[in-house]
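All remarks here apply to the structure that follows.
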Amino acid sequence: MISKGFIVNGATVYISSRSVNACDQIAKELNAKGPGKAISLPANLQQLDECKRIIDEIEKREGKKAGTQDDPARVINIGSVDVPALETYAYSASKAALHHLTNVLAGNLSQRNITFNTIAPGPFDTKMMAATLKTHSNGFKDIIPLGRIGNPEDIAGTCIYLCSRAGAYTNGANISVDGGYLCSKPKL
Ligand SMILES: NC(=O)c1ccc[n+]([C@@H]2O[C@H](COP(=O)([O-])OP(=O)(O)OC[C@H]3O[C@@H](n4cnc5c(N)ncnc54)[C@H](OP(=O)(O)O)[C@@H]3O)[C@@H](O)[C@H]2O)c1
């Protein structure tokens with residue numbers, strides 16, 4: 001969803017996951033849309049040597065150290081609103097850690113002309129959410145104040161804002177993109 005938003009707005013996007021086939025296929029589909037360019041760069045980011053390899057690959061092509069004080073490089077971590085609707089304890093702990101880590105990164109590394117922000121999505125229709133939405137689709141619509149799950153444009157637009165001139169001074173923020181899920185009215 002996010003990659004498509006960047007591609008249709010002309011950006012170059014590196015597509016990465018563990019599956020070579022999935023990366024190649026998505027890059028092909030996105031390049032057919034244009035006008036941006038998608039490049040398949042598979043990696044297993046659980047492994048440190050793979051993280052280093054992907055950095056080297058991107059540096060070779062882009063010169064990563066291109067951020068300036070007025071137009072910094074942008075890191076967007078994807079956390080979650082993760083309201084306690086489901087018993088996903090490890091997921092909740094890892095998302096809270098990511099939100100906190102992002103603030104620490106912003107405080108310590110922004111002097112290198114990089115911003116760090118988190119987006120906390122509500123429910124979106126992805127591979128991860130397929131089973132949950134199959135069972136709880138109506139439940140989400142009842143609880144979320146806007147009465148729907150997120151659309152691709154909702155999440156892509158927020159990422160484009162953070163990476164654009166408009167987002168250059170937003171640093172250490174956690175932006176909920178959840179239709180008001182966090183403010184949902186409790187059932188009495
Ligand atoms: N969808 C939602 O409603 C929702 C709500 C809140 C937060 N989020 C967050 O949004 C993010 C994206 O999730 P999604 O919903 O888009 O789920 P998804 O469709 O399952 O996507 C997760 C992606 O991560 C890749 N991946 C997993 N382990 C990897 C590894 N070790 N190295 C490299 N890539 C790896 C997977 O590809 P491979 O299996 O090919 O590696 C897959 O493409 C997650 O952090 C999720 O917690 C999603």
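Every number for a ligand or one of its atoms is a count from 1 in the order of the listing.
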Among all protein heavy atoms, pick out the one at the shortest distance from atom 33 (C) of ligand 1; state its residue, atom name and that distance to 0.1 Å. Ala43 O, 3.4 Å

Salt-bridged, Glu29 to Lys33, with N to O below 4.0 Å? no

So that I can tick it off, tell me whether Asp154 and Arg148 are bridged by a salt bridge, with the cut-off set at under 4.0 angstrom between side-chain N and carboxylate O. yes

Got the closest protein heavy atom to atom 14 (P) of ligand 1, with its distance? Thr126 OG1, 3.5 Å

What is the nearest protein non-hydrogen atom to atom 48 (C) of ligand 1, stated with its residue, atom name and distance? Met128 CE, 3.4 Å

Quick one: look up the protein heavy atom nearest atom 11 (C) of ligand 1 and list residue, atom name and how far away it is. Ile78 CG2, 3.8 Å

With a heavy-atom distance limit of 4.0 Å, tell me whether Ala22 approaches ligand 1 through its side chain, its backbone, both, or neither. neither

I need the minimum non-hydrogen distance between Ile39 and Ala27, along with the two atoms involved. C-CB, 4.4 Å

If you have a sec, work out which protein heavy atom is nearest atom 2 (C) of ligand 1 and how many Å separate them, to one decimal? Met129 CG, 3.3 Å

Nearest atoms (heavy-atom pairs only) where Ile160 meets Gly5: CD1-O, 3.5 Å

Between Met1 and ligand 1, which residue portion shows a heavy-atom distance shorter than 4.0 Å: side chain, backbone, both, or neither? neither

Write out the residue and atom name of the closest protein heavy atom to atom 44 (C) of ligand 1, then the distance separating them to 0.1 Å. Lys95 NZ, 3.9 Å

Atom 40 (O) of ligand 1: the protein heavy-atom neighbour that sits closest, reported with distance to 0.1 Å: Ser17 OG, 2.8 Å

Contacts of Val75 meeting side chain to side chain contact (heavy atoms under 4.5 Å, CB included) (sequence neighbours excluded), chain-then-number -> Asn77, Ile114, Phe116

Between Ala120 and ligand 1, which part of the residue brings a heavy atom under 4.0 Å of the ligand: side chain, backbone, both or neither? neither

What residue pairs, at least two apart or across chains, pass salt bridge (Lys or Arg N to Asp or Glu O under 4.0 Å) with a residue in residues 74-88? Asp71-Arg74

